[in-house]
Amino acid sequence: MSTSQLVFPAELRDQDHRPCILFEAHDRLKNDNQRIILPSPPSISFSDSADFSTIDLGSIGGAALAALQGDTSNVKSVKAMQVMQTIAQQTPAKELSNFSGRSVANPNTNSTFTGNKMRSFGFNFKLVARSKDESTTIKDIHTAFRHYTYAVSKPDTSNITLDFPPVWTIKFVDFGSPTGENKYIPRIYSCYLTQVESTFNSDANMFFNDSAPLQVDISLQFQETRVLTRNDIADMENDKLGNRGIDENGNPTVSSNVPQKEQTPS
């Protein structure tokens, strides 16, 4: 497996104390990894959330739930009138029953967990060139992000079958830490790059003599490859994924071995 690396700005190679962000994509068809290292962006945002809905158990359901949980006190309180009122809820006379008894059946509304949400992440970079070489590096970085957003036709399928875009690993790099990652920023699981937005010369309409733009703003949107569990979060926070990356098939790797320190970009 070969790996190519793009670093911007160039002085990051000599600034091992500077917080950086590492993006790494694996091209399964070429068995090639593309690494891009940039200064850590501002406004890093994480959103962890869970979905809940509600369920109405009703009088009988509430009593049954209490019985299943070992509490039979509510079972005894379900009197004949309450049972009749519950049955009446399913008839056109339920409003009359409620009014005559001046009471309604307790809906016993409970929260029910439906699942966690897929996490997504956005990063914004303003890349300003100071030389021809930096203009070339910015172009290569911009091209790589755009390139790996797209699917590719599988060989000999005549565009009938598409191969998934590459899986990305994202790391907030701290070259001085044991794992090579910043322990103060939560970990991100493997992702797909879902959107790349590019703006050229947003602050000034200036070009170099070879027509290279002075400035390129890149906005990236990533989405994790699956919904995570608490075990995944705990593993990442406990550095058990310190060796995490991408295998030769483009799948995320998980290791509980002693993490390997991330190397300074070269």
Side-chain angles (χ1 to χ4, degrees), residues 1-28 32-48 118-125 127 137 140-141 144-145 147-149 165-196 218-226 228 231-266:
M1 181 187 301
S2 61
T3 300
S4 55
Q5 181 166 278
L6 296 168
V7 181
F8 183 87
E11 58 263 26
L12 280 183
R13 296 183 174 90
D14 302 319
Q15 297 176 348
D16 55 5
H17 62 283
R18 186 172 177 180
C20 302
I21 186 168
L22 165 66
F23 301 96
E24 184 169 2
H26 177 69
D27 188 334
R28 291 185 297 175
D32 176 69
N33 278 12
Q34 175 66 65
R35 291 161 57 103
I36 299 172
I37 299 179
L38 299 168
S40 189
S43 301
I44 300 169
S45 177
F46 285 76
S47 178
D48 301 283
M118 189 80 74
R119 298 197 305 178
S120 59
F121 302 90
F123 305 100
N124 298 299
F125 300 94
L127 308 182
T137 301
D140 291 342
I141 290 173
F145 280 129
H147 180 76
Y148 289 120
T149 306
V167 175
W168 290 77
T169 296
I170 303 174
K171 295 182 179 181
F172 297 96
V173 180
D174 177 1
F175 298 108
S177 73
T179 64
E181 294 190 64
N182 189 331
K183 67 179 181 179
Y184 295 102
I185 301 180
R187 305 290 175 84
I188 298 176
Y189 197 67
S190 59
C191 293
Y192 289 112
L193 179 54
T194 61
Q195 184 173 336
V196 178
I218 301 177
S219 177
L220 308 173
Q221 295 292 327
F222 290 88
Q223 178 175 291
E224 288 180 322
T225 56
R226 64 176 175 84
L228 304 184
N231 305 76
D232 297 318
I233 298 296
D235 283 345
M236 289 191 289
E237 296 303 323
N238 291 332
D239 285 341
K240 292 182 180 179
L241 301 186
N243 286 326
R244 61 196 176 93
I246 307 170
D247 65 17
E248 63 277 4
N249 296 316
N251 299 315
T253 57
V254 178
S255 174
S256 58
N257 297 327
V258 177
Q260 297 177 353
K261 181 178 178 180
E262 191 69 41
Q263 298 298 312
T264 304
S266 58

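Along the sequence shown, residues carry numbers from 1. Quick note: numbers below take in every heavy atom, side chains included, and nothing from hydrogens, waters or symmetry partners.
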Discussion item. Within the structure provided, determine whether C191 and I170 are in side-chain contact (heavy-atom separation under 4.5 Å).
Written reply: yes
Response to the item:
Sorted by chain and residue number, the side chain to side chain donor-acceptor pair (under 3.5 Å) partners of T194 (sequence neighbours excluded) come out as none
Response to the item:
For Q223, the side chain to side chain donor-acceptor pair (under 3.5 Å) test, sequence neighbours excluded, returns none
Discussion item. Suppose we screen for side chain to side chain contact (heavy atoms under 4.5 Å, CB included). Which residues come up paired with D140, at least two apart in sequence or across chains?
Written reply: L6, T136
Worksheet item: Using 4.0 Å as the upper bound for N to carboxylate O, is an ion pair formed by R119 and D48?
Response: yes
Discussion item. Checking P9 now: which residues fulfil side chain to side chain contact (heavy atoms under 4.5 Å, CB included) with it, not counting sequence neighbours?
Written reply: E11, L12, R18, P39, R130, E134
Item to complete: For the residue pair V173 and I37, establish whether any side-chain heavy-atom pair is separated by less than 4.5 Å.
Response: no
Fill in: CG-NE2 distance between D174 and H17, expressed to the nearest 0.5 angstrom
11.0 Å
Fill in: Note, F172 side chain near S40 side chain (heavy atom, < 4.5 Å)
yes
Worksheet entry | N33 CG to E24 CD distance, which is reported to the nearest 0.5 Å | 4.5 Å
Worksheet item: Which residues pass the salt bridge (charged side-chain N to carboxylate O under 4.0 Å, His left out) test with R226, sequence neighbours left out?
Response: D232
Discussion item. Under the side chain to side chain contact (heavy atoms under 4.5 Å, CB included) test against N124, which residue among P42, S219, P41 passes?
Written reply: S219
Practice prompt. Could you pull out all residues at least two apart from F121 that satisfy ring-ring contact (aromatic ring centres under 6.0 Å, His included)?
Written response: F46
Worksheet item: Are F125 and I21 side-chain neighbours, meaning at least one heavy-atom pair lies under 4.5 Å?
Response: yes
Worksheet entry | Reported CZ-to-CD1 distance for the pair F145 and I218, which is rounded to 0.5 angstrom | 6.5 Å
Worksheet item: Closest heavy-atom contact between N182 and Y184?
Response: OD1-N, 2.9 Å
Practice prompt. Measure the spacing between OH of Y148 and NE2 of H26 and express it to the nearest 0.5 Å.
Written response: 9.5 Å
Fill in: ring-ring contact (aromatic ring centres under 6.0 Å, His included) against F123, all qualifying residues, sequence neighbours excluded
F23
Response to the item:
With sequence neighbours left out, the residues meeting side chain to side chain contact (heavy atoms under 4.5 Å, CB included) with Y192 are F164, V167, T225
Worksheet entry | From CA spacing to verdict: salt bridge (Lys or Arg N to Asp or Glu O under 4.0 Å), R187, E237 | CA-CA 7 Å; R187 305 290 175 84; E237 296 303 323; over 6 Å; no
Worksheet, complete the sentence: Value for CG (L193) from OG1 (T149), rounded to nearest 0.5 Å, stands at 4.0 Å
Discussion item. Applying side chain to side chain contact (heavy atoms under 4.5 Å, CB included), can you list everything that pairs with S120, at least two apart in sequence or on another chain?
Written reply: none
Discussion item. What I'd like to find out is whether the side chain of T169 reaches to under 4.5 Å of the side chain of I188, using heavy atoms alone.
Written reply: no
Worksheet entry | Inter-residue atom distance I36.CD1 - C20.SG, 0.5 Å rounding | 13.5 Å
